Amino acid sequence: MLAHQAEGLRGCTLFAFANGPVNSDAIAALAPTDLRLISSPENVGLGRGLNAVMDAAAAQGFTHVMLLDQDSEPPAGILETLTERSLALERQGDMIAVLAPRLVPPQEGFYKQIRYEWRGKTGAGGLAAVDFAPTSGSLVSVAAYQAIGPFRDDFFIAGIDVEWGFRAWDRGWGSYVATDLTVPHRWGESVGQDELSKPQILRHTPIRNYYYARNVIAAARLRHVPLGWRIKSCAGLVAQISLLALKGPPGSLRPVRAGIIDGFRGRLGPAPAGVA
C-alpha cells in the first residue's frame, strides 16, 4: 500500500510521521517521494502525528498540505488539482480550511463506504460543503490551520476530523469536497464477501470502539459542536451499543462502557492499560 501511495506522489515532498517503530522496508517503499521522515519511538496518536506534519510543512514554507493515512492511494496529479482549485476559491475570497476528494472503497477487501455530512446542495463544478472532511486525502490550508488551531491530540485517534471541522466552521472556515475527484481509501477493517453488510462497530477492534465511544461523548460536550450533531452522534452511539449487545462477542461492551465513562470524566489521551 505504501508503494502504491508513493507512486501516486512521485517527486512530491512527503512528510511521513512514523507513529511507533517502523521497519526499513516500509521506509524504502516511499523512495519515489522526496521523503522527510518524522519518527516517534512509540504510538502517540493520530492527532499528534497530524500536527507534527502540519508544523513541519509550515516551517518549510508550504501553504497547503494534503494529509494521508497510510492506507489511501492518491492517484497521480490529485495534489496539484486540489491545490489549483483551493487557490482559485481563495482568490474569490472564500475561507477554505479543507478541500478534499471523495473517498471510495478499494476494489478489494469489502470495505465500507464513508458517509458524508453534507451542508446543502452541491455547487458548481461538483463542489459540496461538508460538516467535516475525513482526514485522508484532504488538502488543508496552513493559514486556516494556524487560525483554527491544531488537531486535538488528546482525542488520540477517533473523531479528530469531526471536532476540527466543526471548530473550523465555528471560526468562519469551511470544509468542502470535490465530488468529481476520488481517492481509494480503506475505512475500518475489511471483511469477506459474505459479511459485506457487517456494521462498522462489529468490524472495529475493542480498543477502537473505546476511542469511538469516548470521543463521541467528549465532542458532544464542546460548545462549538452543533446541538443537532450532538443529538445525532449520541443517538448513533446508543444504536451501536445495541448492535454490540446483540451481535458482538463476549466482553465487547466493556471497552465501550469504559470509553463512555472516560468521556464524561474528561479523561482523554491514550487509552488506559487493559481497556481492551
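Keep in mind it's a predicted model, so treat the numbers as computed, not measured. What's counted below: heavy atoms across the whole structure, side chains too, no hydrogens, waters or symmetry copies.
Using a 4.5 Å heavy-atom threshold, the side chains of Gln5 and Leu68 count as touching. Met54 places a side-chain heavy atom less than 4.5 Å from the side chain of Val142. In this structure, Thr13 and Phe62 have side chains that are in contact, with non-hydrogen atoms separated by less than 4.5 Å. Side chains of Lys232 and Glu117 form a contact here, defined as non-hydrogen atoms less than 4.5 Å apart. With a 4.5 Å cut-off on side-chain heavy atoms, Ile217 and Leu237 count as touching. With contacts defined as side-chain heavy-atom distances shorter than 4.5 Å, the pair Val44/Glu42 qualifies. Two residues are said to be in side-chain contact when any heavy atoms from C-beta on lie closer than 4.5 Å; Met95 and Glu90 fail this criterion. When side chains are defined from C-beta on, Phe132 does not count as touching Trp164, because their heavy atoms never get closer than 4.5 Å.
Residue Ile38 comes nearest to Ala52 through the heavy atom pair CD1-O, 3.9 Å, listed as atom of the first residue, atom of the second, then distance. For the pair Val275 and Ala258, the tightest heavy-atom approach, listed with the atom from each and the gap, is CG2-CB, 3.7 Å. Residues Met66 and Gly137 approach most closely at CG-O, 3.6 Å, considering heavy atoms. For Gly266 against Arg221, the heavy-atom pair with the smallest separation is N-NH1, 3.5 Å. Scanning both residues, Phe166 and Pro226, for their nearest heavy atoms gives CD2-CD, 3.4 Å. Here the shortest heavy-atom pairing between Val225 and Ala219 reads CG2-O, 3.3 Å.
Between the Ser86 side chain and the Leu82 main chain, no donor and acceptor come within less than 3.5 Å of each other. For the pair Ser233 (side chain) and Arg230 (backbone), a donor-acceptor distance under 3.5 Å is present. Within the 3.5 Å criterion, the main-chain N or O of Gly77 finds a donor-acceptor partner in the side chain of Thr81. Checked by atom type and distance alone, the side chain of Ser40 never pairs as donor or acceptor with a backbone atom of Asn43 at under 3.5 Å. Tyr116 places a side-chain N or O within donor-acceptor distance of the main-chain N or O of Leu103, the cut-off being under 3.5 Å. Using a distance-only test at 3.5 Å, with no hydrogens or angles considered, no donor-acceptor pair links the side chain of Asp69 to the main chain of Asp71. Between the side chain of Ser175 and the backbone N or O of Val130 there is no donor-acceptor pair closer than 3.5 Å. Arg214 places no side-chain N or O within donor-acceptor distance of the main-chain N or O of Ile260, the cut-off being under 3.5 Å. Side-chain atoms of Tyr176 never come within 3.5 Å of backbone atoms of Ala100 as a donor-acceptor pair (strictly under, hydrogens ignored).
Under the 4.5 Å side-chain heavy-atom criterion for ILVMFWY residues, a single connected hydrophobic cluster contains both Leu37 and Leu14. Linking ILVMFWY residues whenever their side-chain heavy atoms come closer than 4.5 Å, directly or via other members, leaves Met1 and Leu35 in distinct clusters. Linking Ile, Leu, Val, Met, Phe, Trp and Tyr residues whenever their side-chain heavy atoms come within less than 4.5 Å places Leu243 and Tyr212 in a single cluster.
For Tyr145 and Asn51, the side-chain atoms include at least one donor-acceptor pair closer than 3.5 Å. Counted by atom type alone, Tyr210 and Asp262 present one or more donor-acceptor pairs between their side chains at under 3.5 Å. For His224 and Glu163, the side-chain atoms include at least one donor-acceptor pair closer than 3.5 Å.
Counting heavy atoms of neighbouring residues, nucleotides and ligands inside a 6.0 Å radius, atom CZ of Arg36 exceeds 12 of them. The number of heavy-atom neighbours closer than 6.0 Å to CD of Gln107, taken from other residues, nucleotides and ligands shown, is 12 or below.
Taken from SG in Cys12 to CD1 in Ile78, the straight-line distance is 11.5 Å, to the nearest 0.5 Å. To the nearest 0.5 Å, atom CZ of residue Arg257 and atom CG of residue Asn209 are 13.0 Å apart. Atom CZ of Phe155 sits about 6.5 Å away from atom CG of Leu268, to the nearest 0.5 Å. Distance CG/Leu87 to OG1/Thr63: 6.0 Å, rounded to 0.5 Å. Distance check: Arg152 CZ to Leu46 CG gives 14.0 Å after rounding to the nearest 0.5 Å. Atom CG of Asp154 is separated from atom CZ of Arg48 by 10.0 Å, given to the nearest 0.5 angstrom.
The pair Asp180-Arg85 meets the salt-bridge criterion, with a side-chain N (NZ, NE, NH1 or NH2) lying under 4.0 Å from an Asp/Glu carboxylate O. Note on Asp170 versus Arg223: salt bridge recorded, some NZ/NE/NH1/NH2 to OD/OE distance being below 4.0 Å.
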Report the C-alpha distance between Gln240 and His204 in whole Å, list the side-chain angles of each, state the deciding distance to 0.1 Å, and finish with yes or no for side-chain contact (heavy atoms from CB on, under 4.5 Å).
CA-CA 12 Å; Gln240 302 279 24; His204 279 158; over 6 Å; no
Worked verdict on Ile96 versus Ser141 for side-chain contact (heavy atoms from CB on, under 4.5 Å):
CA-CA 7 Å; Ile96 307 294; Ser141 159; 5.8 Å; no
Step-by-step side-chain contact (heavy atoms from CB on, under 4.5 Å) determination, Val216 to Tyr211:
CA-CA 8 Å; Val216 164; Tyr211 284 120; over 6 Å; no
Between Arg102 and Val104, is the side-chain contact (heavy atoms from CB on, under 4.5 Å) condition met? List the steps.
CA-CA 6 Å; Arg102 186 166 51 88; Val104 296; 3.6 Å; yes
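In this structure, Arg119 is positioned above the aromatic face of Trp169, its NZ or CZ under 6.0 Å from the six-membered ring centre and within 45° of the axis.
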